[in-house]
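Shown next, in structure tokens, is the structure this report addresses.
Just so you know, these numbers come straight off a predicted model, no measurement behind them. Every heavy atom of this structure was used, including side-chain atoms; hydrogens, water molecules and symmetry mates were not. Remember, it's 1-based here, ligands and their atoms both numbered in the order they're listed.
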Amino acid sequence: MYNHKILILDDEQIVIDAIKKHLKVYGYKIHEAKNGLDGLKLFSEINPILIILDLKMPVMDGIEFLQKINLAPTDPCSVIVLTGHGSDEDMERCFELGVSAFLHKPFNLYELKGLVKNSIALKSVEQDLKKQLQARNKMEEELWKYRYLLEDLVEKRTSQLKETNEKLQVEINERLKAEERLRHSLREKEVLMREIHHRVKNNLQIISSLLDLQTRYIKGKESLEMFKDSQRRLKAMALIHEKLYQSDNMEKIDFAKYVENLLNHLYSASCLNTARVSLKTNIDECYIGVDTAVPCGLIINEIVSNSLKHAFPADAEGSITVELKAEANEIYTLTISDTGIGIPPNIDLKNAETLGLRLVNALALEQLEGSIQCEAGVGTKFKVTFGELKYSKRG
Ligand SMILES: Nc1ncnc2c1ncn2[C@@H]1O[C@H](COP(=O)(O)OP(=O)(O)O)[C@@H](O)[C@H]1O
Ligand SMILES: [Mg+2]
């Protein structure tokens, strides 16, 4: 809402009335006083946008009034002076005191009307601009406040992140060091394990050599055979440890390779050759842990040794077949057969009295926790089914 209050200060009522009459049509609210002193009171009460001021008045004249109100150009009020006796000095003084227009009496009321309209319009625009400027300054101030706040926040967050980052870096370094230590200790353990398997193999070989030395003092053929059987068993076990220290992870061995090596050894230790008794193998590619591989290797050793030793007497010819089928869930079926004379019917695998077959039975049922069948038909056929032993089953 615009302020359209006008204050008229003049000691002549007739002038006031004339002005009022002309200005009323614009809807201005007009207040009046007859001297400067009354005018001062009204001025502070109503805050007019425009003062129409006579200079010569009783009690307090226009100049004094102007001095008292002490208008600054930015104040929301302008002054038009109307005077009958105003000198040039008065005019100069008035302009110094912030007056915006100076009219001599008798004045043209239309000129005054125009001046009043322009002065009020100018002041209104000026006040609007002032308000807008103030609002803008306030907004700018707020913006600066937010900017500082934001900068502060960003700074705090950055330093927090930096701190977290540093902590993470320390943690990463510690983890890297721990990982390196672990890797180092793993390497050490691997070396150690390899060394152990190597030594076990060497020790088994030493025992085998000792037995070999001792055979020279044995007279009976049967005793000699027993020593040779023991040597073969030692060799079957030593081979496992040899394969273990050659393997990548030292937990499992390449069983097909092992069986191939074992059969080669058994053939070369026997007086048979593959020309007379051929060897067929069909071993699925599989990697077997030491706990399963040792009993399994010993079983192969016993059964194949028996085939080599008993199945083909004199110059009999035939073949020996070794098969290992790897099925799902680490279940294996080992089949060893020969086309020889066949196991004598009076020999019962379950109640065998001889060491070789007892060993086969015990290794299959107890060590491997599997099952075993022996078929005598054309030749002999053993079928052993077992699973990979898990750690908890180890004795
Ligand atoms: N594949 C086979 N063919 C013929 N006879 C066999 C075969 N396997 C085992 N036998 C017979 O079973 C017997 C028991 O074998 P085993 O317990 O290994 O004792 P050993 O081999 O020391 O004689 C053998 O003496 C042999 O008569
Ligand atoms: Mg035997």
Ignoring hydrogens and geometry beyond distance, is a side-chain donor-acceptor pair present between [X] and [Y] at under 3.5 Å?
{"X": "Thr333", "Y": "Glu327", "answer": "yes"}
{"X": "Gln246", "Y": "Lys257", "answer": "no"}
{"X": "Asn261", "Y": "Asn264", "answer": "no"}

Counting heavy atoms only, which part of Lys309 comes closer than 4.0 Å to ligand 1: side chain, backbone, both or neither? side chain

Can you confirm if the aromatic rings of His310 and Phe312 lie within a centre distance of less than 6.0 Å? no

Just checking His4 against Tyr26, ring centres under 6.0 Å apart?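 Aromatic pair excluded; centres sit 6.0 Å or further apart.
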
His310 N/O to ligand 1 N/O under 3.5 Å: yes

Look at [atom] and say which protein heavy atom is nearest, naming residue and atom and giving the distance to 0.1 Å.
{"atom": "atom 17 (O) of ligand 1", "value": "Thr354 OG1, 2.5 Å"}
{"atom": "atom 4 (C) of ligand 1", "value": "Gly342 O, 3.4 Å"}
{"atom": "atom 8 (N) of ligand 1", "value": "Asn306 CB, 3.3 Å"}

Proximal atoms of ligand 1 relative to [X] (non-hydrogen, under 4.0 Å):
{"X": "Thr380", "result": "1 (N), 2 (C), 3 (N)"}
{"X": "Ile347", "result": "11 (C), 12 (O), 13 (C)"}
{"X": "Ala311", "result": "3 (N)"}

Under 4.0 Å, counting heavy atoms only: does Ala352 come that close to any atom of ligand 1? no

Sub-4.0 Å heavy-atom contact, Ser307 with ligand 1: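 The answer is yes: ligand 1 sits under 4.0 Å from a heavy atom of Ser307.
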
Looking at Glu174 and Lys177, is any side-chain nitrogen of the basic one under 4.0 Å from a carboxylate oxygen of the acidic one?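 Not counted as a salt bridge, because no side-chain N and carboxylate O are separated by less than 4.0 Å.
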
Taking the basic N atoms (NZ, or NE/NH1/NH2) and the acidic carboxylate oxygens, is any pair closer than 4.0 Å for Glu195 and Arg199?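 Counted as a salt bridge, because a side-chain N and a carboxylate O are separated by less than 4.0 Å.
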
Taking atom CG of Leu9 and atom CG of Asp54, what is their separation to the nearest 0.5 Å?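 So the gap between those two atoms works out to 8.5 Å.
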
Is the Mg ion (ligand 2) less than 2.8 Å from an N/O/S atom of Asn306, whether that atom is in the backbone or a side chain?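 Looking at Asn306, which is the residue asked about, there is an N, O or S atom under 2.8 Å from the Mg ion (ligand 2).
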
Measuring from atom 1 (N) of ligand 1, which candidate in Asn361, Ile343, Asp338, Ile336 has the nearest non-hydrogen atom? Asp338

